[in-house]
Amino acid sequence: MSRSSKLLDRAVKVIPGGVNSPVRAFKAVGGEPPFIARGEGTEIIDEEGHRYVDLVASWGALILGHADPLVLGAVTAAAARGSSFGAPTAGEVDFAEAICARIDSIDMVRLCSSGTEATMHAIRLARGHTGRDLIVKMTGCYHGAHDSVLVAAGSGAATFGTPTSPGIPAPISECTLLAPFNDAEAAAALFEKHGDRIAGIILEPIAGNMGCIPPQPGYLQALRDLCDKAGSVLIFDEVMCGLRVGPNGTAQDLYGITPDLTCLGKIIGGGFPLAAFGGKREIMSKLAPAGPIYQAGTLSGNPVAVAAGLATLSQLGSDEYARLEQIGAAVEAGLQDAVAYHGNVSFSRVGSMFTVFFRSSTPTNFDQVAECDMDEFGRFFQACLANGVYMPPSQYEATFLSPRLTDAQVAQIVEGLSAAIVAAEL
Ligand SMILES: *Cc1c(COP(=O)(O)O)cnc(C)c1O
């Protein structure tokens with residue numbers, strides 16, 4: 001029995017399903033998850049000593065790879081000074097200034113500890129600001145695990161066939177109106193009917209939690225127009241794509257659409273629990289204690305997490321974003337032959353986020369992702385693992401590249417994934 005199997009045996013007795021977040025259990029792809037012993041740069045090593053190129057990267061958070069020396073140095077120094085005070089610190093100011101400087105639409109920002117908190121508080125802020133209850137959410141977009149957004153959600157919720165979780169009171173889910181991703185007309189119809197009651201739209205401007213699906217031309221602008229006309233708040237959930245895509249790191253910059261509020265997480269914490277939401281001064285000023293809309297957190301703006309975030313941001317500039325695009329394009333080009341050979345596979349990518357879909361054309365919304373051949377995906381995933389490439393264990397997830405991947409590793413990824421695509425068909 002492997003060390004990972006033994007650990008899983010112990011885990012399932014004391015942790016529901018043996019994991020602390022559902023997709024980690026590998027239920028959608030079969031087999032047991034390797035327990036990870038350590039990470040070294042862009043690779044992880046499991047309890048058995050198997051080494052993988054890591055294309056999960058803590059679900060995109062570790063864009064610089066594991067145990068980056070500068071992040072490590074900043075974190076150890078911060079922890080030695082004291083890990084939490086529940087009082088303001090200089091690092092939070094530096095960090096907020098860095099975020100406001102990088103993202104034009106963000107005049108003010110509030111720090112919290114998870115993407116779930118960021119979207120929960122952004123939605124409350126939109127509701128409080130407008131005095132309205134309804135929000136529009138896109139089917140298959142994932143915004144964390146709180147009640148208002150666990151309605152037709154992607155990621156683990158979709159992987160486990162419970163896109164709308166039991167336990168959410170009907171009066172809450174009834175305040176969440178649904179439209180398919182990339183369907184501006186469906187969103188317009190909701191505004192036609194309920195416009196004066198809609199507090200805002202929340203969406204991933206690049207969907208990543210139903211696999212990677214880019215917005216179609218004009219879609220984000222149409223949503224911007226709907227919000228402007230109805231006086232609703234446009235919230236971009238850039239927890240996954242923020243600081244990852246385009247020449248400057250954000251989807252809003254890449255597509256030239258300005259949201260009212262932006263949610264950030266994952267990358268900004270450099271692997272530590274740090275997330276944020278920010279935007280227009282007029283709206284953000286309504287947050288307590290400046291205004292009446294309540295939001296709080298014991299560990300919010302945690303000094304260790306902020307130090308990791310600052311050390312990460314300081315290493316993400318135009319060179320890194322150019323390298324990410326270069327690697328992404330190389331992987332896409334390298335997989336072309338295998339994709340064409342298989343016939344029932346398509347490839348979707350924005351910069352350093354991509355998904356291999358087991359469907360003949362790239363999906364543009366959640367229903368089309370659901371048509372993918374999940375058995376083939378499972379075989380593809382297992383073959384990748386056997387080829388030393390650690391991929392997300394679900395068709396409803398994106399794959400993440402790092403600017404630190406070497407050319408040799410990019411070649412290994414292309415070879416490993418190509419062979420796995422071919423092997424999936426058997
Ligand atoms: C991961 C993710 C979240 C949730 O973040 P947590 O830190 O897991 O709570 C929210 N929105 C998007 C787009 C995400 O990818």
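Atoms within a ligand are numbered from 1 in the order they appear, just like the ligands themselves.
- Contact record, Pro403 with Glu320: CB-O, 3.8 Å, taken as the closest heavy-atom pair.
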List, for ligand 1, each N/O atom that has a protein N/O partner under 3.5 Å away, with both atom names and the distance.
residue  : atom   : partner : partner atom : Å
ligand 1 : 5 (O)  : Gly115  : N            : 3.4
ligand 1 : 7 (O)  : Gly115  : N            : 2.9
ligand 1 : 9 (O)  : Gly115  : N            : 3.3
ligand 1 : 9 (O)  : Thr116  : N            : 2.8
ligand 1 : 9 (O)  : Thr116  : OG1          : 2.6
ligand 1 : 11 (N) : Tyr142  : O            : 3.2
ligand 1 : 11 (N) : Asp237  : OD1          : 3.4
ligand 1 : 11 (N) : Asp237  : OD2          : 2.6
ligand 1 : 15 (O) : Asn209  : ND2          : 3.1
ligand 1 : 15 (O) : Lys266  : NZ           : 2.6

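- Taking 4.5 Å as the limit, every side-chain heavy atom of Ile201 sits out of range of all side-chain heavy atoms of Ile235.
- Counting heavy-atom neighbours within 6.0 Å of Lys229 NZ, excluding the residue itself, gives a total of 12 or less.
- Here Glu332 pairs with Arg349 under the salt bridge (charged side-chain N to carboxylate O under 4.0 Å, His left out) rule; sequence neighbours left out.
- If you take CD1 on Ile293 and CZ on Arg124, they are separated by 9.0 Å, rounding to the nearest 0.5 Å.
- At a cut-off of 3.5 Å, with distance as the only test, no side-chain donor of Arg3 or Ser5 sits close to an acceptor on the other residue.
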